[in-house]
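Working notes, structure below.
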Amino acid sequence: MKLATWNVNSLNVRLPHLLDWLASSQPDVVCLQETKLVDAKFPREAIESAGYQVAFAGQKTYNGVAILARSPLAEIEAGIPGFADEQKRVLSATVTSTRVACLYAPNGQAVGSDKYEYKLRWYEALRDWLRMELARHPRLAVLGDLNIAPEDRDVHDPKAWEGQVHVSEPERAALRALIGLGLEDSFRLFVQPEKSFSWWDYRMAAFRRNAGLRIDHILLSSALARRCSACTIDKAPRKLERPSDHTPVIAELS
DNA sequence: ATGGCGCGCGCAGCGCGA
């Protein structure tokens with residue numbers, strides 16, 4: 001089973017890229033972030049025609065998450081229970097006995113800002129909820145744009161980024177707290193190329209210079225991690241015309 | 001090098017992302 005996550009930065013703009021990528025990569029489950037579409041405008045038919053069932057929770061202009069799967073989606077739930085939030089950032093569903101959580105973590109804007117505080121609060125609520133989800137669902141996969149680069153090797157220029165949002169110690173501690181629940185960063189289960197990133201700024205020719213961050217992640221419970229045979233970043237969609245600034249991350253489970 | 005890009009909204013130019 002191939003599980004993938006991709007922040008598409010507007011599904012309206014990126015739908016042709018997504019459909020091409022589904023056809024060429026044949027993932028079984030795909031978590032999308034930043035769809036930026038109200039549910040009434042979600043391109044359900046195009047995605048169903050490509051052979052995928054779909055669940056989505058969107059809003060106008062910002063955020064928006066979706067789960068695509070070749071097998072039926074059950075127990076679909078939007079948001080973090082008990083955490084009141086207008087922003088559509090969380091969607092979970094069960095696919096063939098695997099619980100899938102699709103996440104779009106807050107950006108945080110700048111350390112110390114209101115949005116940064118919201119990011120840390122969001123992560124606290126996420127941790128408390130995932131603890132319960134893990135107890136309920138031993139086969140849990142958490143995929144998404146987590147907006148945190150876990151370590152300096154996940155940052156193209158750690159000196160320039162030191163202490164900044166996405167790499168600050170409180171954020172990294174929040175991500176480690178998820179790992180501490182019993183999740184594994186599937187990417188680091190394997191030897192990986194140096195300077196592997198999943199996002200590159202549109203500006204400053206950042207992709208050409210490989211000036212990126214690894215902020216899109218697939219976390220697996222130990223029951224799933226044991227069955228994980230690979231985790232890769234697919235840079236191909238980032239090379240297309242009008243790309244998303246993020247590119248897909250894929251985990252393969254046996 | 002923090003500017004520079006790309007998105008939505010909506011029709012100019014701003015807020016936002018990371």
Side-chain angles (χ1 to χ4, degrees), chain A residues 5-18 21 31-43 56-66 85-90 102-123 126 143-175 187 195-217 233 235 237-249:
Chain A
T5 180
W6 191 6
N7 178 326
V8 292
N9 185 19
S10 170
L11 184 54
N12 189 39
V13 174
R14 229 66 65 195
L15 182 60
H17 287 188
L18 174 66
W21 188 78
C31 293
L32 301 180
Q33 301 87 36
E34 287 207 84
T35 55
K36 299 186 177 181
L37 288 170
V38 293
D39 291 349
K41 294 191 175 178
F42 193 91
F56 43 85
Q59 65 187 93
K60 194 165 76 169
T61 310
Y62 302 116
N63 310 311
V65 282
D85 194 352
E86 297 297 303
Q87 304 187 27
K88 305 297 187 188
R89 298 184 173 279
V90 178
C102 173
L103 307 179
Y104 175 47
N107 173 299
Q109 198 170 56
V111 173
S113 66
D114 289 350
K115 287 174 180 169
Y116 181 79
E117 296 306 320
Y118 163 65
K119 183 176 191 173
L120 295 181
R121 283 203 317 279
W122 185 90
Y123 261 98
L126 178 67
L143 302 89
D145 176 358
L146 300 189
N147 263 322
I148 297 173
E151 301 176 71
D152 279 355
R153 61 179 165 163
D154 303 310
V155 179
H156 70 97
D157 185 347
K159 265 274 189 289
W161 278 85
E162 190 174 3
Q164 299 298 307
V165 74
H166 300 100
V167 309
S168 73
E169 185 45 37
E171 290 168 90
R172 285 178 166 174
L175 187 50
F187 191 73
K195 301 188 182 301
S196 289
F197 307 124
S198 64
W199 168 87
W200 301 262
D201 201 308
Y202 284 120
R203 300 168 293 185
M204 301 177 290
F207 183 64
R208 183 180 56 71
R209 297 187 296 118
N210 196 30
L213 302 175
R214 190 175 72 90
I215 53 178
D216 300 271
H217 304 293
I233 295 172
K235 290 170 78 169
R238 190 63 175 81
K239 300 172 183 173
L240 301 171
E241 292 292 317
R242 292 189 86 189
S244 170
D245 44 357
H246 297 251
T247 205
V249 181

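All chains are named by letter (A, B, ...) in the order of the sequence lines, taking the proteins before the strands, and each is independently numbered beginning at 1.
Among the heavy atoms of the strands, none lies under 4.0 Å from Arg209(A).
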>> Set out, in order, the CA-CA distance, both residues' side-chain angles and the distance that settles side chain to side chain donor-acceptor pair (under 3.5 Å) for Asp145(A) and Gln33(A), then state yes or no.
In response: CA-CA 7 Å; Asp145(A) 176 358; Gln33(A) 301 87 36; over 6 Å; no

> Passes side chain to side chain donor-acceptor pair (under 3.5 Å), His156(A) versus Trp161(A)? Steps please.
Replying inline: CA-CA 9 Å; His156(A) 70 97; Trp161(A) 278 85; 3.1 Å; yes

>> Between Arg209(A) and Asp157(A), does the salt bridge (Lys or Arg N to Asp or Glu O under 4.0 Å) criterion hold? Intermediate values first, please.
In response: CA-CA 11 Å; Arg209(A) 297 187 296 118; Asp157(A) 185 347; over 6 Å; no

>> Does the protein touch nucleotides 8-18 of chain B at the base, only the backbone, or not at all? Give it as B, S and - per nucleotide, heavy atoms under 4.0 Å.
In response: SS------SBB

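The number of heavy-atom neighbours closer than 6.0 Å to CD of Glu86(A), taken from other residues, nucleotides and ligands shown, is 12 or below. No more than 12 heavy atoms of other residues, nucleotides or ligands shown are found within 6.0 angstrom of CD on Glu162(A).
Between Phe207(A) atom CZ and dG4(B) atom C1' there is a gap of 19 Å when expressed in whole angstrom units.
One N or O on the side chain of Ser198(A) and one on the backbone of Asp216(A) form a donor-acceptor pair closer than 3.5 Å.
Secondary structure note: stems in DNA chain B built from 3 or more consecutive Watson-Crick or G-U wobble pairs under 3.5 Å occupy B:5-9 with B:13-17.
Between His17(A) and Pro243(A), the shortest heavy-atom distance links the atoms CE1-CA, 4.0 Å.
Under the side-chain contact (heavy atoms from CB on, under 4.5 Å) criterion, Asp85(A) pairs with Phe83(A), Gln87(A), Arg89(A), Tyr118(A), Trp122(A), not counting sequence neighbours.
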